[in-house]
Amino acid sequence: MNSTLPKLKEHEGNTLYIIGNGFDLHHGISSRFKDFCCWLKREDVKEEQFVRDMQIIFPHLNQEEASLWSNFEDALGSYDLDNINKYYNESPDDALGNAKYEIAREQVVKKVTDVCEKVRPLIKRWAKQIDIDAVCPQMRLSGKSYYLTFNYTKVLEEVYNIPSGHICHIHGCTDDVGELIP
């Protein structure tokens, strides 16, 4: 490793580093939530309906702050079914309409569930296509230290040669068999 790079700490082996998306961004990786949304829009025509449904279910993510993953994580737990229902159905005025309203409400719940289930494999597909081949080390990191990372990429393993046994990917990693966690 290049000795001219700054070293984070001298206490190798007993140091835990917590790595967030700023680490990947610092290395020039387009890993914002906004980058995921842009990828979705250009990736495939079949994802158009998914993108529209996400915009309806999570309308505040259409704003500029949608670039933050934390906003998306918050949105996953804070959607308003009544508000979403307005986009898909009209509210009833009579008793017969109330029964139709409840059926429509169940359909809205299914739509939200479908979007939440589909987002995980899409995030994994997006994260797998992120190219880190051109990423260069920006600092000296020790293979003796431990790393807790919220990133999906393998920058620590592939760019810094940190042993995978010293890294915990909180949200999963592109190599994992299962889905990634948004």
Side-chain angles (χ1 to χ4, degrees), residues 17-89 103-136 138 147-160 162 164 167-182:
Y17 293 102
I18 300 174
I19 308 284
N21 197 34
F23 182 79
D24 280 2
L25 293 172
H26 177 76
H27 287 82
I29 299 170
S30 297
S31 56
R32 288 183 172 93
F33 178 71
K34 186 177 182 178
D35 298 318
F36 168 65
C37 291
C38 289
W39 173 84
L40 265 180
K41 289 177 183 174
R42 69 176 181 270
E43 175 61 14
D44 204 333
V45 175
K46 34 181 199 187
E47 305 308 343
E48 262 183 56
Q49 184 60 47
F50 175 79
V51 172
R52 280 195 296 274
D53 289 340
M54 284 219 3
Q55 290 170 340
I56 290 167
I57 295 168
F58 310 115
H60 54 288
L61 289 177
N62 293 330
Q63 300 169 7
E64 186 56 35
E65 73 255 7
S67 64
L68 300 176
W69 280 105
S70 61
N71 292 340
F72 178 65
E73 292 164 1
D74 288 344
L76 283 174
S78 65
Y79 50 83
D80 180 356
L81 285 179
D82 289 327
N83 192 34
I84 297 165
N85 201 29
K86 291 176 188 174
Y87 285 98
Y88 292 112
N89 306 291
I103 291 169
R105 188 175 174 84
E106 286 177 27
Q107 290 172 337
V108 168
V109 170
K110 183 178 179 348
K111 179 74 79 175
V112 170
T113 302
D114 289 348
V115 165
C116 290
E117 287 176 3
K118 192 171 185 183
V119 77
R120 287 177 183 221
L122 286 170
I123 288 173
K124 184 158 190 174
R125 212 167 94 206
W126 166 72
K128 280 182 157 273
Q129 62 82 44
I130 294 174
D131 184 12
I132 63 170
D133 290 341
V135 174
C136 296
Q138 306 270 332
Y147 301 84
L148 188 65
T149 179
F150 293 87
N151 300 341
Y152 304 127
T153 63
K154 295 196 65 155
V155 173
L156 290 169
E157 294 93 327
E158 294 180 13
V159 176
Y160 289 96
I162 304 297
S164 60
I167 303 167
C168 177
H169 287 271
I170 297 295
H171 291 291
C173 181
T174 55
D175 282 4
D176 292 347
V177 174
E179 295 175 343
L180 301 178
I181 300 168

Original post:
Sub-3.5 Å donor-acceptor pair from the side chain of Asp131 to the main-chain atoms of Asp133, do we have one?
Top reply: yes
**OP:** Measure from the ring center of Tyr147 to the ring center of His169 and say whether it is less than 6.0 Å.
**Re:** no
Original post:
What closest approach, in Å, do Ser31 and Asp24 show between heavy atoms, and which atom pair accounts for it?
Top reply: OG-CB, 3.6 Å
Subject >> Spatial distance of atom NE2 (His27) from atom CG (Leu25) [nearest 0.5 Å] >> reply: 11.0 Å
Original post:
OG1/Thr174 to NZ/Lys128 distance, rounded to the nearest 0.5 angstrom?
Top reply: 6.0 Å
Original post:
Which atoms form the tightest heavy-atom contact between Trp126 and Ser30, and what is the distance?
Top reply: CZ2-O, 3.6 Å
**OP:** Any chance you could lay out the side-chain contact (heavy atoms from CB on, under 4.5 Å) test for Val119 and Phe36, step after step, and finish with the verdict?
**Re:** CA-CA 10 Å; Val119 77; Phe36 168 65; 4.1 Å; yes
**OP:** Tell me, with the steps shown, if Phe23 and Thr149 meet side-chain contact (heavy atoms from CB on, under 4.5 Å).
**Re:** CA-CA 9 Å; Phe23 182 79; Thr149 179; over 6 Å; no
Original post:
Taking it one step at a time, do Val159 and Cys136 satisfy side-chain contact (heavy atoms from CB on, under 4.5 Å)?
Top reply: CA-CA 7 Å; Val159 176; Cys136 296; 5.8 Å; no
**OP:** Please name all residues satisfying side chain to side chain contact (heavy atoms under 4.5 Å, CB included) with Phe150, sequence neighbours left out, ordered by chain then number.
**Re:** Ile18, Ile170, His171
Original post:
How many angstroms lie between atom CD1 of Ile130 and atom CH2 of Trp39, to the nearest 0.5 angstrom?
Top reply: 9.5 Å
Original post:
What distance do Cys38 atom SG and Arg32 atom CZ have between them, rounded to the nearest 0.5 Å?
Top reply: 11.0 Å
Subject >> Euclidean distance, Arg120 CZ relative to Leu122 CG, rounded to 0.5 Å >> reply: 12.5 Å
Original post:
Can you tell me how far CG of Asp35 sits from CG of Leu40, rounded to the nearest 0.5 angstrom?
Top reply: 11.5 Å
Original post:
Passes side-chain contact (heavy atoms from CB on, under 4.5 Å), Phe33 versus Asn21? Steps please.
Top reply: CA-CA 10 Å; Phe33 178 71; Asn21 197 34; over 6 Å; no
